[in-house]
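Note on naming: letters A, B, ... go to the chains in the order of the sequence lines (proteins, then strands), and numbering restarts at 1 for each one.
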Amino acid sequence: MSRVPQIVRGFWVTFSTMFKKPNTENYPEQKDKYPPKPRFHGRHQLNRHPDGLEKCIGCELCAWACPADAILVEGADNTEEERFSPGERYGRVYQINYLRCIFCGLCIEVCPTRALTMTNEFELADQTRESLIFEKQDLLGPLMPNMVAAPHSMVEGTSERDYYQGKISRATDAQIAEVAARAGINANGQV
Amino acid sequence: MTIDNTPVELVTLTIDDIEVQVPKGTLIIRAAEQLGVQVPRFCDHPLLDPVAACRACLVEIEGQAKPQPSCAMTVAEGMKVRTQVSSVMADEAQKGVMEFLLINHPLDCPVCDKGGECPLQNQAMTNGRGESRFDGEKREFEKPINVSDRERCVSCARCTRFADQVAGDPMIALLERGSQQQVGISDDQPFDSYFSGNTIQICPVGALTSAKYRFRSRPFDLVSVPTTCEHCASGCSLRTDIRRGNVMRRLAWDDPQVNEEWNCDKGRFAFPYVQEGRLNQPLVRGEDGLLHPASWTEAIDVAAKGLAAASGATAVLAGGRHTVEDAYAISKFARAVLGTDDVDFRSRPHSTEETQFLSSVVAGSGLGVTYADLEKAAHVVLVAFEPEDESPMIQLRLRKAVRRGRTKVTAITSHVTSGNKKLNATVIATAAGHEVSALSELALDANTIILVGERAASVTGLLTAATKKAKESGAKLAWVPRRAGDRGAVDAGLLPGLLPNGNSLTDSSAREKAADIWNVENNTLPFAAGRDFGAIVHAAVNGELKALLITSVDVEDTQHSASTLQAIENTPFVVSLEIRPSSITELANVVLPVAVVTEKSGTFIDWEGRPRNFGQAIREHNKLTDGRVLAMIADAMDVLLGQQDVAQLRAELAQFAAPTNRVDAPSHGADVPNGLTLSTWNQLIDDGALQEGEPFLAATSRNVIAGLNSKTAAAHSIAEGDLIEISTSLGSITVEAIFVDGAENTVWLPTNSGESKVRTNLGAAHGNIVTIKRGGGQ
């Protein structure tokens, strides 16, 4: 072998590779070819209870745990007129700065209500700094069937404990009607 | 300050095998602290009596079969104590107690405001078991008041002991027994204490939280800055917690010489004014007669030209809210730039007698009577002074002294107030205006302290009598103003005829020295003493003034608000330095926004004469101090005063030596009013401008009533609960009459609460003659 010139040995590798199946993914044309693993740490999501109320209680534990200081939370009081979560407290301001986030997942580990989880979405590049600070409306999970968007009241006759014990399965007709009425008020600008 | 040199009897004991010597009577928990051993505790508080309610501090003591509470047991000679550090028994006992305390404590730390700064959280981690063995139902309570979560309570009784022992407002108590034990209030008496905020701060769990601070932030969000309270002359040390350039809350900071660990609710909660409705840009009145936003350059230019044009007929109304540095800058600006001595900080009723008293007795006198002196005095006489409303820390300190049983309090006032009762005071019920004879009749000795309040100024001869009485008897005398900046204003020379540090303007050597320090020609300074606040207003109403410079004056404080407004209206050119728009803004030609306390550094001088320095808490707002603004105006008037930052002003003020020739002490004879008089003072929580925007605080203000003696009422055929009309020639006030235990021929009204706006509606001061009659419906 040692008599074969080095250059031939080198080009042999090139030549043989031409007949192998390529490992490369044609991203973004074929992005579904290798989806992220289910536990991949992607963009965060703020989850909802099955009736659409928010799970976040604004406790700021995620912000406290964050080693990169990427999260800003401000809590506030739920009122009977404007209820965003079961119980007394909800997250009024929720921001994650994806220029700072290191996707370590400590925030979702500490979340006491499982309000914050991570999705598999990894396409987080953009043109401006502002657009990479995600606000609460950008982070809230989509409304699944049988959910109506907060603010609205809790399922009648239940307490916050019932929410945490998984006794709520969907938005009731009363809640749906309430949200519809609220939307009507806002659209017409009438009381 | 005097140092107590009496030898202390020491006791030797061992804690965790380490020998330690502590003064006799020390609690074991404190002795352990000296070794750096932190025994867990909830109910223990150094300023409250021991109660051993929570049992968290159990330690082993050799010779005792069971662990003992170290917070309630004093040391004994040869005692052998073992804490959790060296004793398994103590450690097990503490963990057991912690497990019991946590049985009924809800696991709602994420929603609880105490989370992150909670002694229960911390000590459950350091001195508790990792897991609970309890799997039953935790107790639950209905939420009666918004801010009390009774299920979180560990029954430590700190709040109830504070209310009972320190504040003297025993309106909350532990009700029920066993696991149902809870803090409650009586159905007919709400917890309307001026000091209720302290219970929130000392609650070791989240059972008592602040409605104002509810859910707003966590400890790690906050930048804590030590500050001084700007609301009264008590001089409380505060901790201001800032989140992203906004004040979130204020807490009492521990200062044993002044406020100990307490403050009042006004100091704790009345801060929305620092960020809401502020003036952010200079305003200049245009040719159309309206105020228009202007650049600083333009506004300063207009102000300087206007003031220069009015040379020789200008005056300065200063107000009592300034730091000593700003007060000094105003004092200097009036004399060195405007060349006028018409300058006065007393926007409240005052007198020439008071001017003389302040110039001769108070100005530049340094640290006089202190809080520690009050605690040691055998007898404290309150003259025309209501500590609970006007200087709450004096109230707490006096109560502490009275509870020890060595101090007696005498109050010369119109009626027995709730504050007097808490001090167990002997009240010499005196109709307003008649205080002089009551004071003269008192037998006092050298162990006495006389405290005179700001309303003494409206009683002719009272300040003379107090000075004389103190001199004759050897008693100590202290003047307790109401505003945080009053004492500093006196020291800075914001009075006609007074230069900084008590020097007299009419003393030619003092004047030369001042001209030298200020770097101006001696002849630019005024020679004769000028007019006081009332005289300035009078002159302005008559159109004698061409320009006024007004800084931090509330028209509603002045003797008669309408005349003050008239005075401002009749003056052709008015420059106003303000933090928020006021009734003066509407009349001013140039309005310049200035910094509030959180936005600047400075010094308040409290009633003792103690300088209370504080640093800048919020840097983001870029607001200028009064001193800086005046330097800019002076620059534009071609008088160079330097930058006038806090450091420069402090250094300059320090150059003023103590006076060689003091102003003479006042000697005014008593002038006793003949008729029914008005007794009045400002309640702690009232309609003051700095208390705006705080509904939770306003809700704890006291009912607006007129207090009068039943005989006086009968003479005017008034029954209790009737609406009565109190009137002067300038106007009237109609409020409900309540009978009080007090002097005849006098009626009490709060100065600035609800319908009772004494200055605006009556134009009257304490001791003035008023008429009363039954009026209105029931």
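Contact between B:R243 and A:L72 at its shortest, heavy atoms only, is NH2-CD1, 3.8 Å. Here the closest non-hydrogen pair linking A:C59 and B:P110 is CB-O, 2.9 Å. Closest of all the heavy-atom pairs between B:G116 and A:W64 is CA-CH2, 3.1 Å.
Within a 6.0 Å sphere centred on CD of A:Q127, heavy atoms belonging to other residues, nucleotides or ligands number 12 at most. A 6.0 Å sphere centred on CZ of A:F11 holds no more than 12 heavy atoms belonging to other residues, nucleotides or ligands. Annotation: A:Q137, atom CD; neighbour count of heavy atoms from other residues, nucleotides and ligands within 6.0 Å is above 12. Residue-environment remark: NZ (A:K37) stays at or below the threshold of 12 foreign heavy atoms within 6.0 Å. Heavy-atom neighbours of A:Y164 OH from other residues, nucleotides or ligands within 6.0 Å: above the threshold of 12. For A:E156, the CD atom sits in a packed shell: over 12 heavy atoms of surrounding residues, nucleotides or ligands are nearer than 6.0 Å.
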Item to check | Chi angles and distances behind the side-chain contact (heavy atoms from CB on, under 4.5 Å) call for B:F215, A:E88 | outcome: CA-CA 9 Å; B:F215 303 159; A:E88 294 179 330; 3.9 Å; yes
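Chain A forms the most heavy-atom pairs under 4.5 Å with one residue out of B:R218, B:R216, B:R244, and that residue is B:R218.
Contact of B:D108 with chain A is not made at all, since no heavy-atom distance falls under 4.5 Å. Only the backbone of B:C112 comes within contact range of chain A, with at least one heavy atom under 4.5 Å from a heavy atom of that chain.
Salt bridge status for A:R89 with B:D113: present, with a side-chain N to carboxylate O gap under 4.0 Å.
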